[in-house]
Amino acid sequence: MDKRKLLQIPKGTESFELEEAYIHKKIVGGLLDLFYRWGFLPIETPVFDFYDIYSNVMDRQARDRVYRLIDRDGELLMLRSDITLFMAKQIGLLMPDSMHPLRVCYADTILRYQKNEDISHNEFFQAGAEFIGKDGLEADLEIILLLLSSLKLLGIEDSMLHIGSRNLFKLCVGTPAKNTEGPVRKQLLKAVRVRDWNRFNKVLEENELNGEGRNFIELFSFIGTGKELKQMFKSKYSGETSDVKKEVEYLVSIYEYLEELNFADNVKIDLSELGGQDYYSGLSFKVYLKDVDTAIASGGRYNNLLSSFGYNAPAVGFSIMLRKVERVKKAAGQFKKPDVITVLDDPDFLVRYRKAEKLRNSGRIVCL
Amino acid sequence: MNKITDDFLTIALPKGRLENKIEEYLSRCGCSFSFAGRELIAFDNENKLKLLLVKNADLPVYVKHGIAGLGICGEDVITETGYEFYKIFEFPFGNTRMCLAAKRGDGFPKDLRTKVKIATKFPVFTERYFHSLGIPVEIIKLSGSIELAPILGLTHYIVDLVETGSTIKENNLEIIEELAKIKVYLISNPAYYKLNYKKVDDFVRRLQKGQFK
């Protein structure tokens, strides 16, 4: 036997067991139960599907990380690397208009290539919810509030939700006269995402997209409260188009609702949050937590994704990276296995069995 | 001594050529520190910075995993790791050049249809650079004394960092082309920045003041 293969598993997946797996299952159970109580129903997506269906809606980086395989008929398949993508196809195919709006949730694995040393990006296990068929403030708020409730359920109180807007980016730099789709748009998106403002300006200048001296750096580098955004926008961007103004007002109103519901300490508007996936079209957000090296949850609005699968409906959703939250002490502590397991020592098996049943009914964990 | 609080920024510093320059620059900005004996962890005079002294090539790893929220290193090191960081401040020192060099008289590769063989410590940068020009390259990774490669006949060309160019000259080589300017940056783990942006921005403002002193 090849000892190397015995000692490791292929890149792109993970195994864990016993107490660690117990916490994982309990967290999954707790989250799904919460999602059900909010009226979301589960959806199961296939483990693999036809690659061609998804290749156009994935960016190059996402395509590079996909595991592909060939079926018996020679069709190219891909393993599920993104639950939202697989779900979008399924929703488009199976759900009649009469079922909309639709609230779905999941807790599942994804399989995609990761470098060995990139284990901190562990995103193999995700739980999330998607609200399909409804656009606008209330649907966005519902998803954000469900995410915040999920974090509360996990005992995570000091997280910070950063909310941005892909739509605002599009409205500011995506002038229809210029070809900002494709490479230029990607360069600009990346510059904002990594907060490289020199690069951002250079790309705008090179492509003559900064007409009339519009300087977006202060806008996209903004992180703060709704009130601060309102003030900054009024003093620096009062000449912006009505569409840009409307989108900023929209973000401010999202913040104000969350403030009204006492979530202000855990929320920031952050206009460099543009969503990691190309399919985001509106609101986009990530959740950060002290001592965790990457975001523990992310999501946003993707109004055009379902139309890629022949069905047109707006949608918004989020995913929680389960393995990241499971490492948070408080979350793990809350869902850990009870310390006491009763082991019965009566020599008679039947006596032990009957006694165990009684104890189990009273909530104890009992081994025969 | 002031009480150490959890309120400090954690910053990784590279051992080696930049070490003294960084210490001097930070001191000019009012952040004095020193590593006692062979210790690798220190705090600044105001206990606002926790400083970790790490190997240059490992620095991005510490920042990537959030052990240090911030780090100071050259773009060459960042490129080789492939990690994505926020480059939040460009230092006015330590700049160097990534150059293509060969034996004197060899010049730029003439036949670009065949693979150009290059020895380098920087395979990611080299591949990315030549591929962006549409030139196929065969890269031989070395970890030091790159100048030996053309002299001993391992490859015609090398790609390496050049500061003064004296090592190149002394080994009878010449710079064929400067491929990129390599700058030194303050980098941040993105998640760390999002949670500490006010403190980090304050620190950057202090660093900016140092430029004019």
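Numbered from 1 within each chain, the chains take letters A, B, ... in sequence-line order.
For A/Lys236, the salt bridge (charged side-chain N to carboxylate O under 4.0 Å, His left out) criterion is met by A/Glu218, not counting sequence neighbours.
Contact of A/Arg193 with chain B is made through backbone and side chain together, with heavy-atom distances under 4.5 Å. In this structure, chain B has a heavy atom under 4.5 Å from the side chain of A/Lys268, while its backbone stays farther away. At a 4.5 Å heavy-atom cutoff, B/Tyr192 makes no contact with chain A through either its backbone or its side chain. For a residue to count as touching a neighbouring chain, one of its non-hydrogen atoms must lie under 4.5 Å from one of that chain's; by this rule B/Phe85 touches chain A with the backbone only.
With rounding to the nearest 0.5 Å, the separation of CG in B/Leu195 from NE2 in A/His162 is 6.0 Å. Between the CD1 atom of B/Ile88 and the OG atom of A/Ser221 there is a distance of 12.5 Å, given to the nearest 0.5 Å. Between the CD atom of B/Glu84 and the OG1 atom of A/Thr294 there is a distance of 12.5 Å, given to the nearest 0.5 Å.
Residues of residues 181-188 of chain B lying within less than 4.5 angstrom of chain A, judged on heavy atoms, are absent.
A 6.0 Å sphere centred on OH of A/Tyr257 holds no more than 12 heavy atoms belonging to other residues, nucleotides or ligands. For A/Phe233, the CZ atom is densely surrounded, since the number of other residues' heavy atoms within 6.0 Å is greater than 12.
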Discussion item. Side chain to side chain contact (heavy atoms under 4.5 Å, CB included) for B/Lys194 and A/Glu273? Distances and angles first, verdict last.
Written reply: CA-CA 10 Å; B/Lys194 299 277 177 164; A/Glu273 284 298 349; 3.0 Å; yes
Discussion item. Side chain to side chain contact (heavy atoms under 4.5 Å, CB included), that's the test. Do A/Tyr288 and B/Asn196 meet it? Break it down for me.
Written reply: CA-CA 11 Å; A/Tyr288 300 96; B/Asn196 299 284; over 6 Å; no
Worksheet entry | side chain to side chain contact (heavy atoms under 4.5 Å, CB included) evaluation trace for A/Arg195 with B/Lys87 | CA-CA 8 Å; A/Arg195 302 177 74 84; B/Lys87 289 189 268 189; over 6 Å; no
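A salt bridge is absent between A/Asp293 and B/Lys64: the closest approach of a Lys/Arg side-chain nitrogen to an acidic carboxylate oxygen does not fall below 4.0 angstrom.
Between chain B and the residues A/Asp270, A/Asn198, A/Asp196, A/Val292, the most heavy-atom pairs under 4.5 angstrom are made by A/Asp270.
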